[in-house]
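Only one structure is covered here, and it is reproduced in the block below.
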Number of protein chains: 2
Amino acid sequence: MNYTIKQVSEKTHLKPHVLRYYEREGLLPFVDRSESGIRRYSEEDLEWLSLICCLKNTGMAIKQIREFVELSLQGKETLKERCSMLIVHKKEVENQIAGLQKYLCKVDHKITYFTDQYEKYLDEKCEIGAVSHGSD
Amino acid sequence: MNYTIKQVSEKTHLKPHVLRYYEREGLLPFVDRSESGIRRYSEEDLEWLSLICCLKNTGMAIKQIREFVELSLQGKETLKERCSMLIVHKKEVENQIAGLQKYLCKVDHKITYFTDQYEKYLDEKCEIGAVSHGSD
DNA sequence: TCTTGACTTAAAGTTAACGTTAAGGTTTAC
DNA sequence: GTAAACCTTAACGTTAACTTTAAGTCAAGA
């Protein structure tokens, strides 16, 4: 089964020009073409795209994804190297998550603090309102 | 206690030109100056910077941080609005974390897959080696 | 006194990752 | 068969977040 660029665009939520851009940047080489030069994506291409998105959305730069793809094209001799790359990246993602969780705590504390402040503020307004009403 | 731009740079790991840039962009207004125009950061400025870094490192754009800062400058009437902003942002951070965790699983699966493939590859090489050794 | 080095500003440059436009060829629906 | 909706490439534009450069001020040490 083959897919047009539009179909792939809908599946991956990447716009057609982004798919072309990725191809141009060496992230997805050897996409098949029809006689008239129109891209025909295979299931394998879709799987590649899925991994590419995974790496990209976890912060890997396109440059480095290209390096990974180039290694893949060189065959099984690069399996170990690719594995190392992924292990390093995994640690980076874990660090990202840990960092975000720490910041999440901080945001949470701020929310609590602001909520308290807001209640105090409402109380103050209420008191002033009561006093000014009493002094009528 | 006051700090020079260099001291703040060391404390926050933000380079001096970045601190000036943030100030110019309205993220840290009203930093005190010496008679000759040199910045003197207060403890309060440092606390502000800490929150700014928290928001920035969790993906909030500088533009939006500026909006948050501008609201803060308007006083207690904006407490509710600021609180809402943080609650929305909190959800975004939670989504980020959830997304990353999903991707982390995928990376992990790939690592497992590659490790397996690598072992198979070594076995193959070993077999070929053994055969060619046997046929010597 | 002079020069070294940290500070100041304004403005231009850089980078990544797209996004847009122009100019044209192809396919499909009516 | 023709118009709309696709597809193609090349090249230039945009945005965010810095980063660098140029040109100048100021205080301290040899």
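Chain letters run A, B, ... following the sequence lines, proteins first, then strands; residues in each count from 1. No experiment lies behind these values; they were computed from the predicted model shown.
Straight-line distance from the CG atom of B:L19 to the C1' atom of D:dA17: 14 Å, rounded to whole Å. Atom pair B:N57:CG and D:dA16:C1' shows a separation of 15 Å (rounding to whole Å applied). Taking atom CZ of residue A:R40 and atom C1' of nucleotide D:dC6, one finds them 11 Å apart after rounding to whole Å. Spacing between atom CE of A:M60 and atom C1' of C:dA17 amounts to 16 Å, rounded to whole angstrom units. If you measure from atom NE2 of A:H17 to atom C1' of C:dA22, you get 16 Å, rounded to the nearest angstrom. Rounded to whole Å, the distance from CD1 on B:I62 to P on D:dA16 is 10 Å. Here the P atom of nucleotide C:dA17 and the CD1 atom of A:I52 are 13 Å apart, to the nearest Å. Rounding to whole angstrom units, OH of residue A:Y21 and P of D:dA10 are separated by 16 Å.
More than 12 heavy atoms of other residues, nucleotides or ligands lie within 6.0 Å of CD in A:E43, so this atom counts as buried by the packing criterion.
Comparing A:S34 and A:A61 against DNA chain C, the residue whose closest nucleotide sits nearer the 5' end is A:A61.
Side-chain contact between B:R40 and B:V31: absent, with no pair of heavy atoms (C-beta onward) separated by less than 4.5 Å. Put simply, the side chain of B:S42 does not reach to within 4.5 Å of the side chain of B:D32, judged on heavy atoms. Residues A:K56 and A:Y22 form a side-chain contact, since some pair of their non-hydrogen atoms from C-beta on lies under 4.5 Å apart.
Distances shorter than 4.0 Å separate none of the side-chain N or O atoms of A:K15 from OP1 or OP2 on C:dA17. Look at A:Y22 and you won't find any side-chain N or O under 4.0 angstrom from OP1 or OP2 of C:dA17.
Note: B:F68 and B:W48 have perpendicular aromatic rings, judged against thresholds of 30 and 60 degrees for the angle between ring planes.
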Item to check | Annotated protein contacts, base or backbone, on nucleotides 7-13 of chain C with a non-hydrogen cut-off under 4.0 Å, one of B, S, - each | outcome: SBB----

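Closest approach of B:L14 to B:C53, counting heavy atoms only: CD1-SG, 3.7 Å.
B:K106 and A:S50 share a side-chain donor-acceptor pair at under 3.5 Å.
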